[in-house]
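Beneath this line is the structure, given in structure tokens, with notes to follow.
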2 protein chains.
Amino acid sequence: MKDKITIYDIAKKLNITAATVSRALNNNPKISESTRKKVLAMADEMHYEQNKLALALKSGKSNTVGVVVPFIDRNFFSSIIRGIEEELYPKGYHVIICQSQEDEQKELKNFNALLNAQIDGLMVSVSKNTKNFDHFDHVLKKKVPVIFFDRKVDMKGVSTVTLDDYKAGYEATKHLIVNGAKRIAHLSGDWALDIYQRRMAGYKQALVDHNIDCPEGYVVKGQSDIGAGKKAVKKLMKLDPLPDAIFSASDFAALGAIQQLKEMGMRVPEDVKVVGFSNEPFTKFMEVPITTVDQSPMEMGMMAAKVFLEQVKNTSVPIEKNVVIAPKLKIRKSSL
Amino acid sequence: MKDKITIYDIAKKLNITAATVSRALNNNPKISESTRKKVLAMADEMHYEQNKLALALKSGKSNTVGVVVPFIDRNFFSSIIRGIEEELYPKGYHVIICQSQEDEQKELKNFNALLNAQIDGLMVSVSKNTKNFDHFDHVLKKKVPVIFFDRKVDMKGVSTVTLDDYKAGYEATKHLIVNGAKRIAHLSGDWALDIYQRRMAGYKQALVDHNIDCPEGYVVKGQSDIGAGKKAVKKLMKLDPLPDAIFSASDFAALGAIQQLKEMGMRVPEDVKVVGFSNEPFTKFMEVPITTVDQSPMEMGMMAAKVFLEQVKNTSVPIEKNVVIAPKLKIRKSSL
DNA sequence: TTGTAGGCGTTATCAT
DNA sequence: ATGATAACGCCTACAA
């Protein structure tokens with residue numbers, strides 16, 4: 001038994017030509033019902049399966065999209081990928097996953113490899129260490145649609161699906177104010193990423209709008225991990241006046257902050273209220289569940305996929321669409 | 001500016017033939033150094049990039065592997081995928097991700113779509129609802145190497161990378177015994193998956209080896225989620241004698257169990273010790289961190305990738321390799 | 001060392 | 001309605 005059956009094999013058996021077989025298989029109207037049936041039956045019998053590679057070469061469409069994320073095993077990104085996959089799979093697209101590992105060079109190599117693989121579209125959440133953006137232009141020059149999700153780069157002709165981080169920062173901060181916080185500190189992330197800048201901007205505006213000031217030292221910049229959260233709290237707890245609330249731009253930093261507060265004998269939320277960011281699975285499971293901002297990552301992925309599908313449908317007019325997803329504040333005990 | 005440069009374009013510019021260009025680009029020895037240099041320079045100038053699709057069609061190798069998991073956004077699976085990707089990417093392979101969503105039909109469709117895409121290998125963690133395994137034979141008949149990770153199906157000619165679940169169950173239970181537990185209950189998972197059967201077998205053997213008996217009702221079968229853990233504890237706490245320890249085959253069920261115990265006024269670990277399974281990120285972050293079994297998912301993914309690479313290297317002799325990864329007990333407060 | 005020609009599996013454009 | 005042929009981009013005998 002041959003393991004690769006082609007339309008030629010079918011044609012030979014039926015004493016017809018490959019072109020006819022192709023037509024029968026593709027429901028081309030210009031073919032008689034009888035031969036169509038014969039072809040279909042024979043294809044079935046011989047277990048014929050179409051070689052998409054040949055189709056792709058012929059048509060110039062690979063039905064494959066590339067997705068580049070910093071790391072695939074971060075809940076936020078894997079949820080986005082799930083959304084992309086579930087939206088695109090029914091349309092016949094495959095998803096190739098690459099990791100930039102927050103490295104500009106790896107991101108660049110990923111792009112080139114994906115271009116060589118003839119992807120029909122590229123979805124990216126930009127590495128935070130990427131300073132040079134030539135590789136993005138490069139992709140666009142090849143007429144491959146690019147869609148940014150979450151982390152974007154400002155460029156023409158590129159669609160984006162992002163969270164309204166400003167609003168998220170504003171709402172989180174406002175929530176703390178409404179619940180009685182008077183002195184709200186902020187743990188920010190890497191300013192190379194505009195998401196952190198916007199979260200902070202929202203935070204600051206909420207303070208202004210409610211006539212609360214932001215003393216020197218109340219904004220602490222750091223990594224988005226537990227250690228950074230601990231370190232930040234150590235700094236904050238030397239200030240005068242002491243903060244009575246913390247809005248952290250990351251759940252992990254929020255967790256570190258809570259651990260450090262506990263270690264220093266402060267209670268959450270009684271002494272210090274805390275709000276995190278991302279709705280990481282663990283936030284829900286703590287004894288004091290952490291209030292956090294849900295980014296609807298799966299929906300973000302689905303939106304990115306939908307924007308891509310529109311893009312390839314309207315190939316005539318290269319549209320640029322910017323979808324902004326509303327943050328959802330998950331109110332839990334840590335801020336009440 | 002043309003967006004698709006082929007070796008013909010380069011050849012035309014240089015007044016040579018495409019074959020020569022191809023040779024120059026592929027470091028074929030049968031070519032003069034001078035033309036090689038000219039070709040390389042021109043390829044660079046014209047921003048030539050190889051079309052891997054054409055190469056794949058010609059060579060019959062797509063340099064792509066398919067990975068099918070139940071859900072990509074589960075930490076265990078996304079970590080495995082990370083391992084696979086990081087091992088395979090440097091070797092020039094791409095990874096196409098598909099989700100079976102624990103559905104046999106979706107799994108089958110995934111397989112067919114991947115075969116059509118001409119993958120060079122298939123890595124699968126079988127859906128738990130898959131009863132019919134014809135689609136696996138189908139892949140093998142096409143001479144596409146199949147590698148199972150974590151969840152496997154018994155069949156000839158297929159390599160596997162799995163955890164030693166028996167040992168994991170044994171070690172977890174023994175750990176509880178050594179720490180003073182006398183009456184150890186077990187929360188098992190879906191017995192359609194042999195991993196749960198083996199974890200239970202390890203549990204039972206550990207009890208036997210230490211002369212501890214397992215009263216009626218001490219093994220509770222359920223889903224691997226929080227709700228199932230709660231339900232199980234409600235049942236267990238009606239038994240006489242009451243268990244003083246629980247080994248759960250899932251972290252989520254362990255969490256549910258702990259929540260329910262707390263609700264019923266029992267303390268963990270003072271009244272009931274608990275061990276979970278999977279080393280989910282949240283287990284480490286609880287106020288009472290949960291002892292659990294680490295499955296080294298990233299290493300599992302890397303091993304699967306390595307086995308695949310060996311497989312394609314030794315295409316002459318179809319080898320069947322079974323790698324078993326040792327579980328790592330992460331001892332934390334919940335069991336001490 | 002280089003050119004010629006054929007083929008990988010499809011589909012599309014001509015004819016017939 | 002069907003057949004013949006070319007083309008997608010690349011590689012590789014074989015010939016020169």
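In what follows, chains are A, B, ... by sequence order, proteins preceding strands, each numbered from 1.
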Working note: A:Thr162 + A:Thr160, criterion side-chain hydrogen bond (donor to acceptor under 3.5 Å, both in side chains); need CA distance, chi angles, decisive distance, verdict. CA-CA 6 Å; A:Thr162 52; A:Thr160 60; 4.8 Å; no
Tell me which pairs pass salt bridge (charged side-chain N to carboxylate O under 4.0 Å, His left out) where either residue lies in residues 23-44 of chain B, with sequence neighbours left out. B:Glu33-B:Arg36
Any side-chain donor near an acceptor of the partner, B:Lys313 and B:Gln311, under 3.5 Å: no
With a 4.0 angstrom cut-off to heavy atoms of chain B, pull out the first and last contacting nucleotide of DNA chain C, in 5'-to-3' order. C:dT1 to C:dG9
Just checking, is any N or O donor in the side chain of B:Asp9 or B:Tyr48 under 3.5 Å from an acceptor N or O on the other one? no
With sequence neighbours excluded, tell me which residues meet salt bridge (charged side-chain N to carboxylate O under 4.0 Å, His left out) with A:Lys321. A:Glu310
Taking 5' to 3' order, which nucleotide of DNA chain D is first and which is last to have an atom within less than 4.0 Å of a heavy atom in chain B? D:dG9 to D:dA13
What ring-ring contact (aromatic ring centres under 6.0 Å, His included) pairs are there with at least one residue in residues 9-43 of chain B, not counting sequence neighbours? none
Of residues 10-18 of chain B, the positions that come close to DNA chain D - non-hydrogen atoms, cut-off under 4.0 Å: none
For the residue pair B:Phe136 and B:Phe111, does the interplanar ring angle fall in the parallel (under 30°), tilted (30 to 60°) or perpendicular (over 60°) class? perpendicular
Overall bend - the helix from C:dT1-D:dA16 to C:dT16-D:dA1, comparing terminal axes fitted on five pairs, nearest 10 degrees: 50°
Could you label the plane-to-plane angle of the B:Tyr93 and B:Phe308 rings as parallel, tilted or perpendicular, counting under 30° as parallel and over 60° as perpendicular? perpendicular
Restricting to pairs with a member in residues 116-137 of chain B, which pass salt bridge (charged side-chain N to carboxylate O under 4.0 Å, His left out), not counting sequence neighbours? B:Lys61-B:Asp120
What is the nucleic acid contact for B:Asn28, judged by heavy atoms within less than 4.0 Å: base, sugar-phosphate only, or nothing? nothing
Minimum side-chain heavy-atom gap B:Ile195-B:Leu163 below 4.5 Å: no
Looking at side-chain heavy atoms only, is the closest gap between B:Phe149 and B:Ile80 below 4.5 Å? yes
Return the residues of residues 30-44 of chain B meeting this criterion: a heavy atom under 4.0 Å from some atom of DNA chain C. Order them by number, or give none. B:Lys30, B:Ile31, B:Ser32, B:Thr35
Could you check whether A:Ser22 gets within reach of a base, just the sugar-phosphate, or nothing at all, counting any heavy atom under 4.0 Å? base
Pairs involving residues 146-158 of chain B, ordered by first then second residue, that meet side chain to side chain donor-acceptor pair (under 3.5 Å) (sequence neighbours left out): B:Glu102-B:Arg151
Not counting sequence neighbours, which residues clear side chain to side chain contact (heavy atoms under 4.5 Å, CB included) with B:Glu49? List them please. A:Asn112, A:Leu115, A:Asn116, A:His138, A:Lys142
Closest-nucleotide ordering on DNA chain C, the 5'-leading residue of A:Gln50 and B:Leu57: B:Leu57
For residues 86-96 of chain A, pull every pair meeting salt bridge (charged side-chain N to carboxylate O under 4.0 Å, His left out), keeping only residues two or more places apart or in separate chains. A:Arg82-A:Glu86
So which of B:Glu107, B:Lys106, B:Gln101 actually passes side-chain contact (heavy atoms from CB on, under 4.5 Å) with B:Ser127? B:Glu107
